[in-house]
Amino acid sequence: MLSKAERRFQADLLEWGEENRREYPWRESDRTLYEVFIAEFFLTQTPADNVAAVYPKFLERFPTLDEISKASEDELIEAIEPLGFQNMRAGALKQISSARDHLPTEPESLMELPRVGQYVANATLCFTGDDRLPVLDRNVERVYSRVFRDTWPETEADQLTFTQRLVPDEARAYNLALLDFGALVCQTEPLCERCFANEYCVYFQESA
DNA sequence: AACACGGGGTA
DNA sequence: TACCCAGTGTT
């Protein structure tokens with residue numbers, strides 16, 4: 001069961017997301033599993049605007065996993081170059097493309113792929129198929145550790161359970177809003193004056 | 001659970 | 001140049 005504050009946060013966040021969610025190429029509807037995966041794979045440790053600058057070109061040149069498997073690693077590195085981590089990412093993508101002709105649709109199977117961890121696996125499946133999976137990155141951790149400071153757990157495993165509980169049926173809309181809220185409002189230096197959660201956010205209550 | 005990694009961003 | 005950062009991998 002969710003607490004009153006948790007339920008309220010869910011509703012408030014979904015509402016916030018409807019008006020404030022950011023638009024990116026990889027968030028368009030009808031994106032395939034592969035297309036969303038490539039975006040999430042690139043988005044780790046990389047600003048979204050940088051990814052947006054190379055994403056369409058990359059998909060044009062590498063529309064499928066098969067195209068990656070047939071390309072030279074040098075060409076792949078060149079396409080990823082502006083994002084950074086090009087050697088790591090190109091190597092991992094080559095490995096993935098030579099091992100599989102299609103991406104798996106179970107989080108556990110995705111996580112067996114090189115450089116694909118919990119975040120990329122869950123984000124990919126949630127944003128593609130609306131799967132009710134927890135998406136937990138530093139933004140989300142920062143948001144929950146403030147709003148629910150008194151109940152937010154210590155260990156990563158418990159944090160994942162906590163995050164899972166709060167994902168509503170509208171999983172995609174919720175998790176996208178959560179990421180954007182962490183990036184735009186509940187930043188490292190939080191913009192509490194324009195936050196919807198002031199009445200129940202433990203961080204705000206305690207700092208007021 | 002703690003640390004290392006690779007490399008971009010920032011001071 | 002030094003330090004920080006954020007997922008993933010490793011122990």
Side-chain angles (χ1 to χ4, degrees), chain A residues 22 24 26-27 33-55 57-58 65 68 73-100 103-128 131 133-149 151-164 166-167 171-172 174-191 203:
Chain A
R22 296 176 293 185
Y24 288 112
W26 50 88
R27 292 184 176 184
L33 181 66
Y34 169 76
E35 290 168 339
V36 175
F37 170 80
I38 290 295
E40 293 304 329
F41 191 75
F42 286 169
L43 281 166
T44 62
Q45 300 157 295
T46 307
D49 290 344
N50 297 8
V51 177
V54 312
Y55 184 72
K57 256 177 298 179
F58 185 92
L65 261 190
I68 291 180
E73 185 150 340
D74 283 349
E75 192 186 357
L76 201 52
I77 289 173
E78 192 184 336
I80 299 172
E81 192 109 56
L83 299 176
F85 300 96
Q86 53 279 145
N87 293 326
M88 228 167 52
R89 295 206 249 224
L93 286 179
K94 285 299 285 184
Q95 276 183 257
I96 293 169
S97 70
S98 58
R100 311 253 180 173
L103 293 170
T105 53
E106 293 297 319
E108 297 79 10
S109 309
L110 272 176
M111 285 175 65
E112 289 170 8
L113 305 176
R115 310 302 310 177
V116 179
Q118 192 103 57
Y119 172 81
V120 170
N122 286 4
T124 297
L125 294 176
C126 177
F127 298 153
T128 304
D131 291 6
L133 292 167
V135 172
L136 179 56
D137 73 349
R138 290 294 192 256
N139 286 306
V140 174
E141 184 185 5
R142 192 173 53 250
V143 171
Y144 282 158
S145 68
R146 283 177 179 151
V147 178
F148 304 117
R149 175 187 265 180
T151 48
W152 179 246
E154 295 279 327
T155 72
E156 190 187 325
D158 289 344
Q159 289 174 358
L160 211 57
T161 306
F162 187 104
T163 307
Q164 169 77 78
L166 264 66
V167 182
R172 181 177 191 271
Y174 180 85
N175 280 326
L176 287 176
L178 191 53
L179 293 174
D180 286 354
F181 177 68
L184 298 176
V185 179
C186 201
Q187 309 167 347
T188 308
E189 286 298 323
L191 307 176
Y203 170 87

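In this text the structure is predicted, and so the values were computed from the model without any measurement.
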When Arg142(A) and Pro114(A) are each assigned the nearest nucleotide of DNA chain C, the 5'-most assignment goes to Arg142(A)

message = Please check: side-chain N/O of Arg22(A) versus main-chain N/O of Asp180(A), any donor-acceptor pairing under 3.5 Å?
response = no

Here the distance between atom P of dG7(C) and atom CE of Met111(A), to the nearest Å, is 14 Å

Would you indicate whether the side-chain heavy atoms of Leu65(A) and Phe37(A) approach each other to under 4.5 Å? no

To the nearest angstrom, the CD-P distance between Glu112(A) and dG9(C) comes to 12 Å

Whether the side chain of Ser109(A) engages the backbone of Thr105(A) through a donor-acceptor N/O pair (distance < 3.5 Å, no angle test) should be reported. no

Numerically ordered, the residues 37-55 of chain A set in heavy-atom contact under 4.0 Å with DNA chain B is Gln45(A), Asn50(A)

State, with a plain yes or no, whether a side-chain heavy atom of Tyr24(A) is found less than 4.5 Å away from one of Val51(A).
no

Chain A reaches DNA chain B, atoms under 4.0 Å from its heavy atoms, from dA1(B) to dG9(B)

Between the side chains of Tyr55(A) and Glu35(A), does any donor sit under 3.5 Å from an acceptor?
no

Review point. Do Thr163(A) and Trp152(A) have side chains that get closer than 4.5 Å, going by heavy atoms?
Key: yes

note: Phe85(A), atom CZ; dG7(C), atom P; distance rounded to Å ~ 11 Å

ask   = Do Leu133(A) and Val167(A) come within less than 4.5 Å of each other through their side chains, counting heavy atoms only?
value = no

Rounded to whole Å, CG of Leu93(A) lies from C1' of dT8(C) at a distance of 14 Å

Asn87(A) CG to dT8(C) P, in whole Å, measures 19 Å

Scan Tyr119(A) against the nucleic acid and name what it touches under 4.0 Å (heavy atoms): base, sugar-phosphate only, or nothing. sugar-phosphate

- Query: Does the pair Phe42(A) and Phe58(A) meet the rule for a ring-ring contact (aromatic ring centres under 6.0 Å, His included), with working shown?
  - Reply: CA-CA 11 Å; Phe42(A) 286 169; Phe58(A) 185 92; 5.0 Å; yes

